[in-house]
Amino acid sequence: MGAKKAKTTQKGEVSVYALNPRLKKAFEATLEPPKGKKTYEISPTKEQKIEILRYMKLTRSIEDRIEQKLYRQGKIVGGVYVGRGQEAISVCTAMHMKKGDVASPTHRDMGIFLVRGVPPRRVIAQYMGRRNGLARGRDGNLHMGYMNIGLISPISHLGFNAPVISGVTLAMKQKGLKNVGFCMNGEGATSRGDWHEGINFCSIHKLPAIFIINNNQFSYSTPTSLSYNAEKLSDRAVGYGIPGETIDGNDVYQMFDSVGRAVKRARDGKGPTIIECITFRMTGHSAHDDAGYVPGKHFEDWKKKDPIERWVKTLKAEKLITDAILKKMDSEINEEIIAAADWGEAQALPEPEECLEDVYYNQESKWFALKEEIKEETDARANNLSRSD
Ligand SMILES: Cc1ncc(C[n+]2csc(CCOP(=O)(O)OP(=O)(O)O)c2C)c(N)n1
């Protein structure tokens with residue numbers, strides 16, 4: 001077997017796509033849609049359009065603060081993984097969640113937490129390992145779950161969340177609930193056996209599950225060409241006997257429509273769907289990875305397809321926002337994040353012996369009161385959204 005020959009451009013440079021031609025296809029598939037109005041089966045309302053923008057911006061802003069400031073100042077406990085450039089996926093998914101729905105997010109899905117109502121200050125306290133964070137200082141960074149609003153803590157063993165969502169959605173079906181379980185994964189995780197077993201089980205039992213893949217072209221340093229050989233990951237759906245589609249994950253309209261249709265199918269008892277969202281990881285794998293293995297041109301190219309900038313352009317064209325509205329939104333978000341960071345830092349770290357407390361359910365414990373406090377804050381924020389829970 002001869003090694004793949006790298007193609008050279010007219011100038012004699014080695015093409016950045018030579019070793020991974022699929023990346024070129026992904027880039028082309030997410031080019032700006034042709035001019036003119038496209039119709040979608042499910043579109044956000046005017047209020048939701050603005051909320052999507054606000055939450056994508058809030059997501060980016062809190063992650064920038066955590067990754068580029070707090071982490072570098074040594075204030076974060078553990079590693080930092082962000083979803084920069086992928087915000088449309090988590091935000092549009094969560095916009096479809098209702099009370100009783102459950103999501104199993106990945107390390108790129110901060111938007112799900114924020115849209116579901118988790119206050120930024122709790123997120124920052126969490127990343128700083130403080131007792132007032134979601135894990136009450138028992139676990140750091142992204143390991144935050146909050147079952148009161150159906151959020152399972154991201155599971156480190158990638159792909160393992162598919163069987164978890166199978167169990168969750170089986171319970172929903174057995175109880176006759178109209179709820180949905182969202183299984184979020186990167187493309188790398190979809191090569192795990194657990195992922196396949198989970199989908200197969202959901203398909204056989206027609207469970208209300210949605211498998212959303214953020215295909216950001218790299219799994220740590222592994223490009224998609226070394227991850228799988230199918231043309232599209234959604235093609236795998238045929239093998240499970242369920243629908244699947246590949247969409248531009250940086251396009252809000254496509255994201256909202258695709259997840260919305262899958263949610264409708266699931267609530268109507270028609271079983272699971274696979275949605276592959278083409279996107280790009282605009283960072284290293286984590287804050288400690290400079291992504292030296294990703295040619296710089298990819299970052300330049302994909303910056304032009306930034307989901308937030310594209311959505312701003314769309315909303316301006318639809319005359320739903322002005323520069324003044326944007327400026328106000330940015331400054332409100334900035335203020336909230338600064339206040340959240342200050343609040344997080346002012347919270348206490350847990351005492352070592354507190355690890356032994358609240359292991360079993362106990363309404364009398366001080367931790368129970370904290371959970372109630374977080375629930376009130378979260379509900380208040382979630383109720384502000386125009387979604388009908
Ligand atoms: C089963 C398993 N293998 C390896 C790892 C180490 N690991 C953590 S994140 C990551 C990359 C995951 O890539 P992908 O699923 O594409 O998600 P992305 O980080 O690109 O969003 C790896 C290999 C892990 N957490 N779990």
Side-chain angles (χ1 to χ4, degrees), residues 20 22-23 26-27 30 56 59-60 63 66-67 71 76 78-94 103-113 139-145 152-166 182-199 210-230 232-234 236 246-250 255 274-295 298-299 302 305 307:
N20 191 3
R22 191 187 282 123
L23 228 165
F27 185 71
T30 52
M56 287 201 296
T59 302
R60 176 142 330 156
E63 289 194 332
I66 290 170
E67 187 206 38
Y71 175 80
I76 299 295
V80 166
Y81 310 79
V82 297
R84 189 176 313 128
Q86 306 182 200
E87 294 87 349
I89 301 171
S90 58
V91 169
C92 291
T93 297
S104 174
T106 72
H107 44 296
R108 313 276 177 218
D109 292 320
M110 176 71 81
I112 295 187
F113 290 88
D139 206 341
N141 59 44
L142 60 105
H143 291 122
M144 50 178 181
I152 298 175
S153 177
I155 301 174
S156 273
H157 317 79
L158 300 176
F160 192 75
N161 56 345
V164 171
I165 283 294
S166 307
F182 296 83
C183 183
M184 313 296 290
N185 290 106
E187 83 287 352
T190 68
S191 296
R192 292 286 324 285
D194 301 308
W195 192 78
H196 298 284
E197 290 174 27
I199 298 190
I210 303 175
F211 294 87
I212 299 180
I213 307 164
N214 79 68
N215 187 343
N216 62 12
Q217 314 305 320
F218 283 90
S219 166
Y220 208 131
S221 53
T222 306
T224 52
S225 52
L226 295 175
S227 249
Y228 59 89
N229 216 13
K232 295 176 186 164
L233 286 173
S234 60
R236 291 182 182 169
T246 293
I247 58 163
D248 178 349
N250 286 13
M255 275 306 309
I274 294 177
I275 304 173
E276 179 191 22
C277 315
I278 302 294
T279 185
F280 196 75
R281 195 189 69 198
M282 291 299 285
T283 58
H285 171 65
S286 56
H288 59 262
D289 169 29
D290 71 0
Y293 48 85
V294 181
H298 292 327
F299 290 113
W302 284 82
K305 289 143 65 97

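All heavy atoms count here, side chains included; hydrogens, waters and symmetry mates do not. Whatever order the structure lists ligands and atoms in, that order sets their numbers, starting from 1.
- Taken from CD1 in Ile199 to CD1 in Ile274, the straight-line distance is 4.0 Å, to the nearest 0.5 Å.
- Here the two rings, on Phe280 and Phe299, have centers that are under 6.0 Å apart.
- Looking at heavy atoms from C-beta onward, Phe218 lies out of side-chain contact with Thr224 at the 4.5 angstrom threshold.
- Between the side chains of Ser90 and Asp109, not a single donor N or O lies within less than 3.5 Å of an accepting N or O.
- Between His285 and His107, the ring-plane angle classifies as perpendicular under the 30° and 60° cut-offs.
- In summary, of the residues considered (Asn215, Asn214, Thr190), a side-chain hydrogen bond (donor to acceptor under 3.5 Å, both in side chains) with Glu276 occurs for Asn215 alone.
- If you look at ligand 1, the protein residues with a non-hydrogen atom under 4.0 Å away are His107, Arg108, Ser156, His157, Leu158, Gly186, Glu187, Gly188, Ala189, Arg192, Asn214, Asn216, Phe218, Ser219, Tyr220, His285.
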